[in-house]
Amino acid sequence: MIIQKIQAFITKDKPDLDTIEFLTRVLKSSEQVRLYAYQQKIIPKFIAIFQNPPFDPSIYFLFVVFIRENWEFQREFLRLDGANHLFKLLSDLSNGIILEVSERDEVKVNKNKQNCEEIGEILEIFTCLTENAKSAEIFKSYPFITKLPQLLYKKLMGMLRYNTYTLTSFMGLLLNLTVISSDCLAQVRDHFLGQMLSDAVSYILQISTICFLRLKGNYYGLIANMLKDEKAKNRLLCSVDDFLKFLFITLDNIQSLSISNPSNLRWVNSVEGALALFINIAFNSSNEELQIVLGYRLEIFKHFKRFLGLNRDRQVFHKVILRTLQLLSKIEFHESYLVDTRSDILYSLKVHLDSKGRALGHANHALRFYIRWFDKKNGEAIKKIFKAEDFTDVITNLREIFKEEDTERRTNGFVLAGSLVELFPVLSERFKDDIKALLEIVKIKTGNEKKNAGILLARLSKNPENLRVITENNGIQVLANFKKFLLEKAT
């Protein structure tokens, strides 16, 4: 049955819908059948169909099912010039969309809708070809990719009242293209960035319906990519009022999302894009620029803190949690952030620094985040909310971190431990069993690891019991030598 259906697809001039739907189900579930179809030259058949419209649009999805995640199939399609044939078809479809048409002219309106839907399917195929690194390397060499914004953006915006899917697919493709192609990035930056920002502020981000969530996420992601480019960043900051308005509306959108329903995950893409946007601002800006866009006025912490409490056992949340910690590690502490935050912070300190949090990559960002928070200068505000007994889990996690091979993580662990001991001296006793290891590090290590371990050791020595352990292990001379090391470094 399967062999007959594949042969029927290949030999018929226009495969029927029943054959297309059958093959879609089978190819989706069987790599072996996909390989057989490939060996039977199904890719040239797809290209022949694309060259001879009209055909049933279900062909597009069947093709995506066939090539997705298979580099060899994608390479063969590109080798046979399939991408150029699809671009020609896409161009014809786009040219067939006439925006200045009366709503009463149902024939022309329906033709516009049909063309727009087919364009969306082709864009999904192109997106597929940008998601595999090897395919993307070939695909980015096609001259037509820089023509896509001029060909499609205005028309797809004009069709948005009928179809959000196609503009969403287009923005997702542009997001990928601006990552892999500097020419495409320059085209968007120099000719479309301002218009896209304006459209987002005046319309896209103003719509609260669920079907716009993925579209918004792709806008966030695209602007995030543009911020990595110095010229694009300067262009955005030159029109800082519009850019800040974009950021404010983005934060309002994030705040309005409901994340409590475990079966509704349509918000995830949008939040990932927004986090990427603010992270790229944070990591690609000068201090002055950071004050402009990440200052207290935006209250970024208040908008994103709830994502600290997401269930890390659900893989779909991993990127959101990681990006939230990464972003918050760049945000300066403000006393107002402590309002209704205690439980979020204690949960984060428990799970993002433990063994699983370290394995997931959460711990390094979490350490940098909490080093900012628990700095001595914030002590008065911190001690109004937290007590020494709140940090039992944190200290357990930190003591495990001290034993790890990851030098950066271990060094930052020393810093956070030193800050907690300075704020809550009673915690010193919890680190008594680490003193021998800290003495050894101060004796033999160099740089920040030596410095931060020594500072922690010096703070621990203020506790009489710890001082006794230090003395018994010949640590007084180690501390004296460390003090000399600090003085030499300062001069």
Side-chain angles (χ1 to χ4, degrees), residues 329 333 335 338 342 345-354 357-358 363-404 406-443 445 447-483 485-487 489-490:
S329 74
F333 173 85
E335 186 173 356
L338 292 170
R342 174 185 156 84
I345 297 301
L346 291 179
Y347 175 79
S348 173
L349 285 166
K350 180 178 180 179
V351 303
H352 297 145
L353 296 178
D354 69 7
R358 299 195 292 275
N364 287 3
H365 296 307
L367 283 167
R368 286 189 285 270
F369 169 29
Y370 291 116
I371 285 169
R372 282 182 182 270
W373 268 59
F374 294 104
D375 188 273
K376 181 181 179 181
K377 65 184 179 184
N378 307 323
E380 186 176 339
I382 291 291
K383 287 189 280 189
K384 290 178 182 177
I385 304 297
F386 298 101
K387 300 176 182 178
E389 52 265 33
D390 292 328
F391 299 99
T392 299
D393 292 321
V394 187
I395 291 174
T396 300
N397 291 335
L398 287 174
R399 296 190 64 217
E400 291 174 0
I401 287 171
F402 292 172
K403 299 178 178 69
E404 289 198 339
D406 187 321
T407 302
E408 180 188 356
R409 186 184 298 160
R410 192 168 62 240
T411 302
N412 283 334
F414 297 151
V415 177
L416 181 55
S419 296
L420 291 174
V421 166
E422 189 167 31
L423 292 175
F424 303 98
V426 69
L427 296 177
S428 295
E429 296 177 5
R430 295 290 308 278
F431 294 102
K432 184 176 74 171
D433 292 339
D434 301 293
I435 287 175
K436 289 183 182 180
L438 288 170
L439 285 169
E440 195 64 23
I441 289 170
V442 175
K443 281 193 286 186
K445 297 293 183 178
N448 283 335
E449 187 176 9
K450 177 187 183 79
K451 173 187 171 184
N452 293 322
I455 291 172
L456 172 58
L457 193 61
R459 289 174 181 169
L460 294 178
S461 71
K462 295 177 182 179
N463 175 278
E465 181 61 20
N466 288 343
L467 182 59
R468 180 187 65 77
V469 176
I470 291 171
T471 303
E472 288 177 356
N473 287 275
N474 302 314
I476 299 299
Q477 187 59 47
V478 175
L479 283 174
N481 290 340
F482 174 69
K483 185 175 181 181
F485 163 80
L486 287 182
L487 290 173
K489 195 169 182 179

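No hydrogens, no waters, no symmetry mates; every other heavy atom, side chains included, goes into these values. Worth saying up front: this structure is predicted, and the values here are computed from it rather than measured.
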Flag if over 12 foreign heavy atoms under 6.0 Å of CD, Glu472:
yes
Would you call Val421 and Arg430 a side-chain contact if the rule is heavy atoms closer than 4.5 Å?
no
Minimum-distance pair of heavy atoms, taken over all atoms of Asn397 and Leu353:
CB-O, 3.6 Å
Does the side chain of Ile345 reach to within under 4.5 Å of the side chain of Ile385, using non-hydrogen atoms?
no
Enter the distance from Glu380:CD to Glu335:CD here, rounded to the nearest 0.5 Å.
7.5 Å
Could you give the distance from CZ (Phe414) to CG (Leu438), rounded to the nearest 0.5 Å?
5.5 Å
Do you know which two heavy atoms are closest between Phe374 and Leu423, and how far apart they sit?
O-CD1, 3.4 Å
Do you know which of Lys350, Lys383, Arg342 makes salt bridge (Lys or Arg N to Asp or Glu O under 4.0 Å) with Asp390?
Arg342
More than 12 heavy atoms of other groups within 6.0 Å of Lys403 NZ:
yes
Please check: side-chain N/O of Asp434 versus main-chain N/O of Phe402, any donor-acceptor pairing under 3.5 Å?
no
Side chain to side chain contact (heavy atoms under 4.5 Å, CB included) with Val415: of Asn452, Leu456, Ile455, only one passes, and it is Asn452
Measure the CZ-CG distance between Arg372 and Asp375 for me, rounded to the nearest 0.5 Å.
10.0 Å
So which atom in Ser428 and which in Asn463 form the shortest heavy-atom distance, rounded to 0.1 Å?
CB-CB, 3.9 Å
Please round to the nearest 0.5 Å and tell me the distance separating atom CZ of Arg410 and atom CD of Glu400.
14.5 Å
Glu465 and Arg468 ion-paired at < 4.0 Å:
yes
Do you know the tightest heavy-atom contact between Lys445 and Lys450?
O-CD, 3.2 Å
Is the side chain of Arg459 donor-acceptor paired with the backbone N or O of Gly418 at a distance under 3.5 Å, no angle test?
yes
Kindly give the heavy-atom pair with the smallest separation between Leu367 and Ile401, and that separation in Å.
CD1-CD1, 4.4 Å
Would Arg358 and Asp406 pass as an ion pair if we require N to O under 4.0 Å?
no
If you look at every heavy atom in Ala417 and Phe431, which pair is closest and at what distance?
CB-CZ, 3.8 Å
Answer whether the closest heavy-atom distance between the side chains of Leu457 and Leu439 falls below 4.5 Å.
yes
One should read off an interatomic distance between Ile476 CD1 and Ser461 OG, to the nearest 0.5 angstrom, of 7.0 Å
Pair Tyr370-Ser419, side-chain donor/acceptor within less than 3.5 Å
no
Is the backbone of Ile435 close enough, under 3.5 Å, to the side chain of Asn466 for a donor and an acceptor to pair up by distance?
no
Between CD1 on residue Ile470 and NZ on residue Lys432, distance to nearest 0.5 Å
12.0 Å
Any side-chain to backbone donor/acceptor pair from Asn378 onto Trp373? Under 3.5 Å, distance only.
yes
Classify the ring geometry of Phe391 against Phe386: parallel below 30°, tilted from 30° to 60°, perpendicular beyond 60°.
tilted
